[in-house]
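Written out below as structure tokens is the structure these notes cover.
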Amino acid sequence: MPDLPDHDNGAAAPKRPEQPETEAERRRRRAQFLRELAEARALRDRVQPRRAKAARLRHAMRMRTFRW
């Protein structure tokens, strides 16, 4: 997209076909992904408060009716 900045923040996996990814690298990438996902969800909740409230209520209803 032309209007997005062209910076690499480490989201792309390094290209090393001969070396497998280490466990620490995998955990680091996963942590980064989860941080970005949480940030995106928080932004969506701020932008669409009615939808966020409905989602919270649906989740609460699922939790109340779930049988352990």
| field | Under 3.5 Å side-chain donor-acceptor pair for Q32 and R35 | value | yes
| query | Atom CZ in R29, atom CZ in F33: separation rounded to 0.5 Å? | reply | 10.5 Å
| Out of curiosity, D45 CG to R51 CZ, how far, rounded to the nearest 0.5 Å? | 10.5 Å
| task | Let me see the working for R26 and E23 under salt bridge (charged side-chain N to carboxylate O under 4.0 Å, His left out), right down to the final yes or no. | result | CA-CA 5 Å; R26 188 189 72 78; E23 188 67 20; 3.0 Å; yes
| said: With side chain to side chain donor-acceptor pair (under 3.5 Å) as the criterion, how do H59 and R56 come out once you've worked through the C-alpha distance, each side chain's angles and the decisive distance to 0.1 Å? | reply: CA-CA 5 Å; H59 180 70; R56 279 195 309 274; over 6 Å; no
| query | How many angstroms lie between atom CG of L43 and atom CD of E36, to the nearest 0.5 angstrom? | reply | 13.0 Å
